*Asks:* 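Can you read through this structure? Questions will come right after.
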Amino acid sequence: MPTQPEPTDRAEVTKLAIAVEEALAEAMPTRYRDESPLPAYGSAPPAAQDGIPPMSARTTEVTRAVMYCSLATVPPGLVATAILVASEHANPTVIGMICAAPAAIAVPILAIARLIRRAGEAAPAEIHQHYSGPVYQRHTHSSTRGVWAKTTNQQ
């Protein structure tokens, strides 16, 4: 593989430097910054800002309630820890039972309350229809069977 000869003459070095500068001057720019002022309003969506993301008023209320309730558990926990440390009888089984008791009591109660609340929604609405004149009513019997569901309607 032939190598290029080293420029030995100062004129050749100058000529080479000028050629490199011309080549770089003719290159396309790799970026562009638009300095024109932005419109005061437009159809573009708002940009995300630092901090807490925008939320609905209801979500904000629930978030604050959760934070306040979680902060309310700190003093009783500190008192319980201090009592266990002071008594020097900190049994891991008892501590586990004490910590799990509120959740073990609350979960079934919340599940039952939700079941009762949803029971009213599951019942179909009562419909009263009043007709005047001859009414013809057809009954359609439908059945869906198989792994690949095939529905057949019969009158």
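These numbers were taken from a predicted model, which means no experiment stands behind them.
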*Asks:* Run the numbers on Glu12 and Arg10 for salt bridge (charged side-chain N to carboxylate O under 4.0 Å, His left out), then give the verdict.
*Replies:* CA-CA 5 Å; Glu12 287 182 39; Arg10 187 176 288 279; over 6 Å; no
*Asks:* Evaluate Thr59 against Ser56 for side-chain contact (heavy atoms from CB on, under 4.5 Å), listing each step before the verdict.
*Replies:* CA-CA 5 Å; Thr59 306; Ser56 67; 2.8 Å; yes
*Asks:* To the nearest 0.5 Å, tell me how far His128 NE2 sits from His130 NE2.
*Replies:*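 The NE2 atom of His130 is 7.0 Å from NE2 of His128, to the nearest 0.5 Å.
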